Amino acid sequence: MAKIRILPDALASQVAAGEVVERPAALVRELVENSLDAGARHIEVHAQRGGIAMIRIVDDGSGMDREDAMLCLERHATSKIRTKEDLGAIHTFGFRGEALPSIASVSRFRLATREKEALVGTEIEVNGGKLVGVKDHGGAPGTVIEARSLFFNVPARRKFLRTENTEFAHVEQQLRLHAIANPQVAFTLTHNGELVLHLPATRDMLERIRGLVGDELASRLLKVEETTVRGVTVSGYIGGPGMSRSNRQMQTTYLNGRPIESASISYGLREGYHTALMKGQYPVTFLFIQMDAQAFDVNVHPAKKEVRFHDGNSVRDAISRSVSHTLENAAKLPTGHAPARSPLPSPAAARTPVVPESRQEQFAMPVDASTAPLRNVEPTQPQPLARPAAKDSWSAAHDVPERKPVETIAMPQRVVVPAAKAETESEKAGGREDATKADAEAAPADASSSSASSPSAPPEFRIIGVLHKLYVLMESKEGLVMMDQHAAHERVNFEKFRRALETGGVPCQRLLMPITLQTTPRDADLLKQNLPALNRLGIEIEPFGPNIFKVETLPSFLKTDDPAAWLDQVIEELSSLSSKSSTLRLSEDAIATTACRASVKSNDVLSIPELQALLKDLFACEMPYCCPHGRPTLVQISTAELERKFGRRAPG
Ligand code: ADP
Ligand code: MG
């Protein structure tokens with residue numbers, strides 16, 4: 001007897017539904033895509049009990065007439081493609097015509113829709129794939145789709161749903177993905193009646209990102225200038241060196257506006273980041289790829305998450321180049337990165353998105369060294385260390401209790417720093433010289449407060465000794481770590497300096513004898529232009545005649561026997577800034593790096609407690625892994641590498 005049977009349509013839909021809508025977040029993906037395809041400007045997503053009890057999407061898009069409203073519930077009913085050729089160049093999110101029938105077959109489903117000019121709209125009710133009723137709908141133009149009791153009729157699938165919190169986390173993550181790619185669309189998300197996200201429309205992508213990830217993280221992003229290589233256009237924002245995550249959840253990439261994952265893209269990112277990314281870590285990216293719809297196939301993954309590029313190498317290349325170019329440009333700046341600044345805010349952008357602060361923090365969760373230790377660096381050459389993994393993630397954040405950043409500062413267990421000694425660095429910055437009022441103001445710049453802004457718990461390092469009075473040798477769990485004491489000091493002082501600047505008081509020392517500086521007319525102009533920056537940095541300098549300046553004070557932590565020569569260096573540094581880009585911030589950074597170079601001497605002999613304090617201060621820095629000039633502060637040789645070098649382990 002024949003065993004093969006054609007499934008009844010309703011059952012076939014349910015089977016297919018499992019592919020398309022495996023969980024509430026998938027409904028959100030499909031329905032939001034439909035709303036975007038329908039040209040909506042406002043999209044509301046309401047979820048109850050993780051979206052399992054209910055998902056409702058309200059949009060102000062085109063709506064449907066009655067015929068289309070009925071038709072859209074049929075399988076393979078779509079308005080988006082017509083011919084085989086259309087399938088080769090898809091310009092919409094949807095194209096399979098299976099989302100709505102699938103959703104309707106596994107839920108208690110309601111569709112209410114109305115076209116803008118229509119006198120009356122249509123409301124359709126479907127229960128587990130069975131049409132219950134059709135009636136007039138008098139609501140606003142646009143479409144409302146509601147799916148209740150997901151999988152109520154497919155217990156086998158319902159079993160696979162996770163907790164309500166986890167499901168909701170996925171729902172939120174899904175909406176965030178769409179929200180980032182569509183800043184011009186306003187999004188609202190509620191859960192159990194509570195507002196979770198409210199993102200007003202904006203023309204500024206960074207504004208939208210900021211609304212989702214918070215100021216702190218957004219301000220550290222680098223802008224990827226739009227570039228096209230062999231038909232692949234790349235733009236967006238990426239994290240600078242030292243910004244990474246232990247999972248892919250903040251590695252978001254879009255192809256023609258569709259959030260996708262692809263091996264070519266991942267390779268491109270990895271290549272682009274090169275040494276700026278530690279092995280096993282993932283970058284933070286909001287990267288947009290635009291290319292001809294004929295150059296790839298989206299019809300390869302049930303959830304449309306993956307695509308097949310006809311020429312994956314071009315994509316990989318374009319991404320790798322854009323990323324490395326962006327990182328290199330950023331590294332040219334003294335801070336190691338050019339913070340992404342938004343252009344003048346558009347009127348819409350000026351409104352602050354109503355995203356509860358606590359939710360923003362979930363994205364920018366501080367580094368937690370206990371769960372994210374420094375990892376081994378395997379390549380054959382000793383590698384600069386990169387920042388350890390941050391614990392944050394987009395969706396997992398829901399399951400992670402919030403932590404106050406300052407709590408995450410943990411001293412290495414084997415490196416015990418007496419409380420008094422821990423202050424060494426702040427003493428150095430201000431305390432060594434006259435304790436002026438400025439010092440008191442600069443107090444927030446000490447290590448403990450720096451930890452509040454961007455903490456990074458020091459891993460366990462045991463100091464073994466110091467080589468050439470410069471390289472501190474340390475034992476770590478992973479192997480041998482070397483710290484360039486001079487570079488580390490520069491980094492610490494630089495960040496201290498910048499913070500003091502931001503909090504309004506740079507400690508300075510009054511010179512016993514003011515210095516008179518004779519300059520060329522060109523340098524005189526340069527100094528005059530930069531007087532505000534110089535003053536803000538504790539250098540009291542004023543014109544004292546034609547091409548002559550009088551200098552009254554210098555930054556207090558400067559260690560120089562020849563202040564005049566140091567000032568020459570400052571002038572040199574300032575003149576190397578191209579006039580186009582010399583903002584106050586850049587000038588300040590140029591002066592600050594020069595000051596920091598002169599703030600330490602390589603042959604300073606530091607005691608073990610002083611070194612420990614330096615290490616602690618270094619790990620309290622925002623960018624601990626390179627000095628303000630971009631050179632590494634820490635280099636690690638893994639035990640495996642040592643074993644290979646000594647022939648205890650086979651190479652490779
Ligand atoms: P697809 O998106 O692949 O076309 P769907 O099942 O998701 O398939 O939707 C079927 C059709 O229903 C769409 O092609 C579109 O014409 C219509 N539709 C769905 N959602 C909306 C909406 N929110 N607004 C207007 N039309 C919609
Ligand atoms: Mg669709």
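Keep in mind that what you see is a predicted model, and the values were worked out from it rather than measured. For ligands, and for the atoms within them, numbers begin at 1 and follow the listed sequence.
Here T78 has heavy atoms under 4.0 Å from ligand 1 in both its backbone and its side chain. Contacts between D59 and ligand 1 below 4.0 angstrom, taking non-hydrogen atoms only, involve the side chain exclusively. Within the 4.0 Å heavy-atom criterion, neither part of A40 lies near ligand 1.
Checking only distances, E30 never comes within under 3.5 Å of ligand 1, N or O to N or O. Between L100 and ligand 1, a contact under 3.5 Å exists for at least one N or O pair. For ligand 1, the polar-atom distance check against A38 finds no nitrogen or oxygen pair separated by under 3.5 Å. Between G63 and ligand 1, not a single N/O pair is under 3.5 Å apart. Checked against a 3.5 angstrom limit, the closest N/O atoms of D37 and ligand 1 fall outside it. Of the polar atoms of S62, none of the N or O atoms is found under 3.5 Å from an N or O of ligand 1, judged by distance alone.
For atom 22 (C) of ligand 1, the nearest non-hydrogen atom of the protein is T143 OG1, 3.7 Å.
For the pair R245 and Y282, the cation does not sit on the ring face, since its NZ or CZ is not both under 6.0 Å from the ring centre and inside 45° of the axis. The cationic group of R308 does not satisfy the cation-pi geometry with F296, failing either the under 6.0 Å distance to the six-membered ring centre or the 45° limit from the ring axis.
Close to ligand 1: P101, with a non-hydrogen atom less than 4.0 angstrom away.
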Carefully, step by step, assess R110 and E125 under the rule salt bridge (charged side-chain N to carboxylate O under 4.0 Å, His left out).
CA-CA 5 Å; R110 194 174 68 92; E125 215 181 307; over 6 Å; no

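Considering CZ of R41 and CG of N182, their distance stands at 9.0 Å, rounded to 0.5 Å.
Between F93 and H178, the ring planes lie perpendicular to each other; the angle is over 60°, past the 30° to 60° tilted range.
Side-chain rings of Y254 and F288 approach one another, their centers coming within less than 6.0 Å.
Counting only protein atoms, the N, O or S atoms lying less than 2.8 Å from the Mg ion (ligand 2) are N34 OD1, ordered by chain and residue number.
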